[in-house]
Amino acid sequence: MSAPAVLPWGLTRTVLRLHRTALIVWGVFVLASVGCLVWLTEVTADSVHATLAACRDDGPGLCGIGAWRDYSEPMGWISTFMYYSFWAVAAWAGGALTGRELESGTARLAWSQSVSPARWLTAKLALPAAALVLGGAVFVAVYRWAWSAHRDLRGDSLLFNDVFADHGPLVVSYGLCALMVGALIGLLLGRPLPALAISVAVMTVLNQFLEARRPDSLPASGFWSAHLTETAVVLTAAALACAAAFRVLRHRTV
């Protein structure tokens, strides 16, 4: 009876050691974003409301614009950076996760030490995928709470591209798709810099194509229909890229 197909701890530890910097950067980015959202919602918003109230008492003018921006602009930047973080994921996956290891020979060294190519790639994809899902789930939960807390201080809506994605699993699906596309292109090219550039370009084209097909208006049920439909499309692209990556790997190692 054969042993179950699980990832050896030694391989998992090696992947963690090789890519710990990227995983730490992602974790810090998520925690910093969540912390800023909480601070803006619980602290900054009250200060802005007090300033705006004082401005109303003083009569019409521009005195509250700066205070309003102290809340609205950081919220917008956090949302935007999280949404477009898939560019960084694609660049890292294509450049460092697979492309660099093929070019340097590190991958073949691992394969020669009783680690099958399929297990090697599984470990390479599973750990960052888990980090993306976990970090994205935490961010989405906090972002939805923060976004709805002080709507009088915001000028955006669900029609904004970043807000549309960050309200649910779509932002996570873009990260996963970028991971799989980057890994595939890194395996195809075996050179980190070209793989980095092409991975980012492919994800940009996919994102722009899907953004252009989002509805121009959203009542609540319409939002979830459009959001989940795009999520399904992006996850399908991710699954296809993942399957293609394993197929390419088999051809490279026969």
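Scope of the values below: all heavy atoms of this structure, side chains included, with no hydrogens, waters or symmetry mates.
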Query raised in the report: So is Arg213 actually on top of Phe209's ring, under 6.0 Å and inside 45° of the axis?
Result: yes

**Report entry** Heavy-atom check, side chain of Phe81 versus side chain of Ser33, under 4.5 Å
**Finding:** no

Query - Between CD on residue Glu42 and CG on residue Leu37, distance to nearest 0.5 Å - result: 11.5 Å

Query raised in the report: When clusters are formed by joining ILVMFWY residues with side-chain heavy atoms under 4.5 Å apart, either directly or through shared neighbours, do Leu176 and Val181 land in the same one?
Result: yes

Requested in this report: Find out whether Met82 and Val30 are in side-chain contact, i.e. whether some heavy atom of one side chain is under 4.5 Å from a heavy atom of the other.
Outcome: yes

Requested in this report: Measure the shortest side-chain to side-chain distance between Ser157 and Val163 over non-hydrogen atoms and say whether it is less than 4.5 angstrom.
Outcome: no

Query - Phe29 and Ile24, any side-chain heavy atoms less than 4.5 Å apart - result: no

Query raised in the report: Should Val48 and Thr44 be marked as a side chain to side chain contact (heavy atoms under 4.5 Å, CB included) after you check the CA-CA gap, both sets of side-chain angles, and the distance that decides it?
Result: CA-CA 6 Å; Val48 172; Thr44 305; 4.1 Å; yes

Query raised in the report: Tyr174, Leu240: one ILVMFWY side-chain cluster at the under-4.5 Å cut-off?
Result: no

**Report entry** His49 side, atom NE2; Thr51 side, atom OG1 - distance, nearest 0.5 Å
**Finding:** 10.5 Å

Query - Side-chain heavy-atom pair Leu132, Trp26 within 4.5 angstrom cut-off - result: yes

Report summary line: OG1 (Thr204) and CD (Glu211) are apart, to the nearest 0.5 Å, by 10.0 Å

Report summary line: The reported gap from NZ in Lys124 to CG in Leu179 (rounded to nearest 0.5 angstrom) is 11.5 Å

Requested in this report: Might you point out which heavy atoms bring Thr98 and Ala183 nearest each other, and give the distance in Å?
Outcome: OG1-O, 3.3 Å

Query raised in the report: Is there a donor-acceptor pair under 3.5 Å between the side chain of His227 and the backbone N or O of Leu170?
Result: yes

Query raised in the report: Should Leu193 and Ile198 be regarded as members of a common hydrophobic cluster, given that ILVMFWY residues are connected when their side-chain heavy atoms come within less than 4.5 Å of each other, either directly or indirectly?
Result: no

Report task. Test side chain to side chain contact (heavy atoms under 4.5 Å, CB included) on Asn161 and Arg214 and set out the steps. Result -> CA-CA 9 Å; Asn161 288 324; Arg214 291 176 184 171; 3.0 Å; yes

Report task. Establish, yes or no, whether a centroid distance under 6.0 Å links the rings of Phe164 and Phe223. Result -> yes

Query raised in the report: Should Leu153 and Ser72 count as side-chain neighbours, where that means a heavy-atom distance under 4.5 Å?
Result: no

Query raised in the report: Hey, does the side chain of Arg151 reach the backbone of Asp156 with a donor-acceptor pair shorter than 3.5 angstrom?
Result: yes

Report task. Show your reasoning for whether side chain to side chain contact (heavy atoms under 4.5 Å, CB included) applies to Val38 and Trp145. Result -> CA-CA 9 Å; Val38 173; Trp145 162 76; 4.1 Å; yes

Report task. Give the minimum heavy-atom separation between Pro192 and Gly95, together with the two atoms involved. Result -> CB-O, 3.1 Å

Query raised in the report: For Val172 and Ala137, which heavy atoms make the closest approach, and how far apart are they?
Result: CG2-N, 4.3 Å

Report summary line: For Val200 and Trp87 the tightest heavy-atom approach is CG2-O, 3.7 Å

Query raised in the report: So, do Asp166 and Arg144 sit near enough that their side-chain heavy atoms are less than 4.5 Å apart?
Result: no

Query - Trace of the side chain to side chain contact (heavy atoms under 4.5 Å, CB included) decision for His167 with Leu158 - result: CA-CA 8 Å; His167 258 70; Leu158 290 172; 3.8 Å; yes

Report task. Find the distance between CZ (Phe246) and CG (Leu187) and round it off to the nearest 0.5 Å. Result -> 9.0 Å

Query - Shortest non-hydrogen contact from Cys177 toward Val234 - result: CB-CG1, 3.6 Å

Query raised in the report: Donor-acceptor pair, Ser79 side chain versus Met75 backbone, under 3.5 Å?
Result: no

Report summary line: CD of Glu73 to CD1 of Ile78, rounded to nearest 0.5 Å, is 12.0 Å

Report task. State which residues pass side-chain contact (heavy atoms from CB on, under 4.5 Å) with Leu31; sequence neighbours excluded, sorted by chain then number. Result -> none

Report summary line: For Pro128 and Ala123, the nearest pair of non-hydrogen atoms, with its separation, is CD-O, 4.2 Å

Query raised in the report: In terms of hydrophobic clustering (I, L, V, M, F, W, Y; side-chain heavy atoms under 4.5 Å; direct or indirect links), are Phe139 and Trp39 co-clustered?
Result: no

Query raised in the report: Any side-chain heavy-atom pair from Asn207 and Tyr84 closer than 4.5 angstrom?
Result: yes

Requested in this report: Answer yes if Val171 and Val138 sit in the same cluster of Ile, Leu, Val, Met, Phe, Trp and Tyr residues linked by side chain heavy atoms under 4.5 Å apart, and no otherwise.
Outcome: yes

